[in-house]
Amino acid sequence: MKKSIILSAIAMTMLACTSTNPLLDQPATPFGVPAFDQVKLEHYMPAFEEAIRVNKAEVQAIIDNTDEPTFENTIVALDRSGLLLDRVVGVFFNVLEADGNDDMDAIAEKVSPMLSELSSSIILNDALFERVKAVYDQRESLDLTPEQMRLLTETYKGFADNGANLPAEQKERLKAINEELGLLSLQFGRNVVAETNSCQRFITNEDELKGLPESAKAAAAEEAAAAGHPGEWLFTPKRTSFTPVLQYCENRELRRQLLMDYTTRANHDNDNDNKSVILREMQLRIERAKLFGFDNPADYILQDCMAKDSKTVDAFLQSVWAPSLAAAKREAAELQKLLNEDLPGEKLQPWDWWFYAEKLRKAKYALDEEEIKPYFELGNVRRGAFGVATKLYGLQFEPLTDMPVYNPEVEVFKVTDAAGELIGILYTDYFPRAGKRPGAWMNQILPQYIDDNGVDHRPVIINVGNFNKPTAGNPSLLSMDDVETLFHEFGHALHGLLSKAHYKSLSGTNTPRDFVELPSQFMENYAYEPEVLKTYAFHYQTGEVIPDELIAKINAAGKFNQGFVTTELLSASILDMDFHELTTAEGLDVNAFEQESLKKMGMIDEIIVRYRPTFYNHIFTTGYEAGYYSYTWSAVLDADAFAAFKETGNLFDAETAARFRHLLEQGGTRDAQELYLEFRGKDADPQHLLRRKGFID
């Protein structure tokens, strides 16, 4: 069958789409963005059903093609398939994560096995794999470009690594495993959100909030009033709610209660308990790994990452863990001295760390985060991040009004290059709400790719966060951690926006997981550079630019508390690896396993691991299993990459920026290590990271 006939068949299936469903029609919206404002709950299931049908028809047309398999009629045709489904998935799952509800959850439960079945029907189709393998086997004689060879190789590996070479019986078992894991992932995330939303602590006596900044009290008072408790103060396990209490509140018992509320989510014997979900997920992941001949899930997962195997990851983590833990122990000893002054004979506890660290920061550096916050108004910080992209890459950001959005709090920006050419569309959604999962993330709503006519389809990207909402008296003011988070997620957004791939499966952030955090963490480096701060840090009341003495304090304190920060992060990474290096899950007691892991790594009692298992969304819902180490792996890369700019004496050196932009544009079209070597000219030096954190001179 000729390509024109294939395209005609696809066009016919597209014509069959219901013309009244905004998810299925090509929307008459600016830049072709989804018609969020027209999408109703009842549109989702018909849209999924039709988009899946269309995708199956597209793939069947490839299978039925009587011509000899070629790169174009098999590999490229596969990459071009599923565009309608990409749109439906991009809309639904973004809204589910950012503005979901029980009805959306119910749809997700129905859709998850449908998507799993579709994936299995493609990956495990013998006739389709035969065509892919036929092209792959003649790859050396095809005269392909490097990007085409990458697409061919990754397509073949995508089939082989996901069961195409398995016997029929094992293929059926793999389908069942993947389907059940999809449902378990949904259940895990739903339980975390339910626990977060259901836990509320109302304070009736203001004396219990001594030391808490007025801005934090005002936010808690508004939350309480909205919950039907006017005149009280409401605190929840959301970070924007409890973090100020940990930092400033003198009420030690309240600090303990709120930290325990956060760290024990989904770990109670109730309907939201995730321990049984974890047990079942690990059983299935181990079984799946063994189907492919691996002893444990980690080695199965890591085969396509930069690290390649669990031994490499373990050795890497230990190389950073030792200096981090040593620094954390020194910090704990300092904080214990401060605690002794207030409570002689008491031992420093995890709920004391933030409180006394804040005291110590003030004592050492005269740095009070409440003094800094007025300079970090959300809109200004975002403009600062945009400004860095303008100086590095010549990008321009134009606010767009009257754009379709799924929530009134969402804002939209048109991104163009220096010549005015469209780069992409960026959505931002920064405030917490009941239906939003915790944390911050970047999503791709529509992918970038170049079609058969040479048209470059630009991406639609979103940054989502959970920053402080404006109150009656104050705008949204960010903490220093929030500022870094905004820059971080914007780095991911730039990776997606700047993509110049021909094929959607290689575009944007479709890279190995231990490389994908490089662009995001690289952007964090700019947040507190003095020349950058002066472009966005303006006092929200006076308009005054942040004073030099405050900038000096911020940078002097840059290495402060890094033992705690890194140990908290690395302990979660090691715990992730310990789970995924299991060869059996029989008799697995999740809490006992966690404690044994922490004991084995030498974790100190004064610090709680960043993510305890029952709310560890990264590894039990979002696809970072055996991958949380990526943040530290990428930190070595980002510190080294930023050093390349520092070495020029210019944070925005044009030649270095052009090389880094080229790295971002490539997405997954080339080997990640090859891309980094092309940018830097040498392997990343971990000494830059250790120096940045103050672990070595």
Side-chain angles (χ1 to χ4, degrees), residues 145-151 153-154 304-308 312 316 320 385 388-395 415 417-418 423-424 442 448 459 461 487-503 506-527 529 532 629-692:
T145 68
E147 183 178 357
Q148 290 171 333
M149 183 64 79
R150 181 77 172 177
L151 178 66
T153 303
E154 291 302 304
D304 293 324
C305 294
M306 293 180 75
K308 301 303 182 189
T312 302
F316 167 73
V320 190
V388 170
T390 300
K391 288 185 176 181
L392 284 172
Y393 313 122
L395 301 184
V415 187
D417 64 14
I423 293 293
M442 166 267 196
Q448 180 272 326
I461 304 295
F487 271 74
H488 177 102
E489 298 306 333
F490 181 59
H492 280 310
L494 289 174
H495 198 185
L497 287 164
L498 288 169
S499 178
K500 282 191 173 181
H502 281 80
Y503 308 109
L506 299 179
S507 69
T509 57
N510 288 312
T511 70
R513 285 182 307 178
D514 46 10
F515 185 77
V516 78
E517 295 298 333
L518 164 61
S520 54
Q521 294 181 178
F522 170 77
M523 275 298 292
E524 291 182 40
N525 289 285
Y526 284 89
E529 284 292 326
V532 177
Y629 77 92
S630 301
Y631 287 95
T632 306
W633 183 281
S634 294
V636 171
L637 297 175
D638 92 67
D640 186 77
F642 194 60
F645 284 85
K646 287 278 192 176
E647 289 160 9
T648 70
N650 179 1
L651 294 180
F652 301 98
D653 178 68
E655 182 182 342
T656 311
R659 294 203 313 273
F660 197 75
R661 175 173 177 163
H662 180 70
L663 177 149
L664 297 177
E665 291 172 343
Q666 299 304 298
T669 61
R670 292 167 57 195
D671 177 77
Q673 180 66 14
E674 176 188 312
L675 276 176
Y676 193 79
L677 286 173
E678 182 178 84
F679 161 70
R680 191 68 163 110
K682 59 184 178 181
D683 287 328
D685 184 352
Q687 300 294 305
H688 291 299
L689 175 65
L690 297 178
R691 274 193 211 97
R692 184 172 73 189

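- If you check the side chains of Ser499 and Gln448, you find a donor sitting under 3.5 Å from an acceptor.
- Using a 4.5 Å heavy-atom threshold, the side chains of Pro512 and Trp633 count as separate.
- Between the CG atom in Leu518 and the CD atom in Gln521 there is a gap of 8.0 Å [rounded to 0.5 Å].
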Subject >> Residues Leu395, Leu494; criterion side chain to side chain contact (heavy atoms under 4.5 Å, CB included); working and verdict >> reply: CA-CA 10 Å; Leu395 301 184; Leu494 289 174; 3.6 Å; yes
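- Other residues, nucleotides and ligands contribute over 12 non-hydrogen atoms within 6.0 Å of the NE2 atom of His688.
- Here Phe660 and Tyr393 keep their ring centres 6.0 angstrom or further from each other.
- Open room surrounds CD on Glu655; 12 or fewer heavy atoms of other groups in view lie less than 6.0 Å from it.
- Counting all heavy atoms, side chain and backbone alike, Gln673 lies closest to Asp683 at NE2-OD1, 2.7 Å.
- The residue from Phe515, Phe645, Tyr676 that alone fulfils the ring pair (Phe, Tyr, Trp, His ring centres under 6.0 Å) condition with Phe522 is Phe645.
- The minimum heavy-atom distance between Leu677 and Lys682, with the atom names listed, is CD2-C, 3.4 Å.
- Asp638 has a carboxylate O that lies under 4.0 Å from a charged side-chain N of Arg692, or vice versa, which qualifies the two as a salt bridge.
- Taking OG1 of Thr509 as the start and CD of Glu517 as the end, the distance is 10.0 Å to the nearest 0.5 Å.
- Taking CG from Asn650 and OG1 from Thr656, the interatomic distance works out to 8.0 Å, rounded to the nearest 0.5 Å.
- For Gln687, the side chain to side chain contact (heavy atoms under 4.5 Å, CB included) criterion is met by Asp685, Leu690, Arg691, Ile696, not counting sequence neighbours.
- Nearest heavy-atom pair, Arg659 versus Phe679, reported as atom, atom and distance to 0.1 Å: NE-O, 2.9 Å.
- Residues His495 and Pro519 share a closest heavy-atom pair of ND1-CG, 3.3 Å.
- Residue Leu675 holds its CG atom at 11.5 Å from CG of Leu637, rounded to the nearest 0.5 Å.
- A donor-acceptor pair is defined here as one N or O able to donate and one able to accept, closer than 3.5 Å; such a pair exists between the side chain of Arg150 and the backbone of Gly668.
- Counting all heavy atoms, side chain and backbone alike, His492 lies closest to Val516 at CE1-O, 3.3 Å.
- One finds the NE2 atom of His662 at 4.5 Å from the CD atom of Glu678 (value rounded to the nearest 0.5 Å).
- At least one side-chain heavy atom of Phe652 sits less than 4.5 Å from a side-chain heavy atom of Val532.
- A distance of 14.0 Å separates OG1 in Thr511 from CZ in Arg670, rounded to the nearest 0.5 Å.
- For Asn510 (side chain) and Ser507 (main-chain N/O), a donor-acceptor pair under 3.5 Å exists by modelled atom type.
- Under the side chain to side chain contact (heavy atoms under 4.5 Å, CB included) criterion, Thr669 pairs with Glu147, Ala501, Leu506, Gln666, not counting sequence neighbours.
- Between His488 and Tyr631 the shortest side-chain heavy-atom distance falls below 4.5 Å.
- Of the possible polar contacts, none joining the Tyr526 side chain to the Phe487 backbone as a donor-acceptor pair under 3.5 Å is found.
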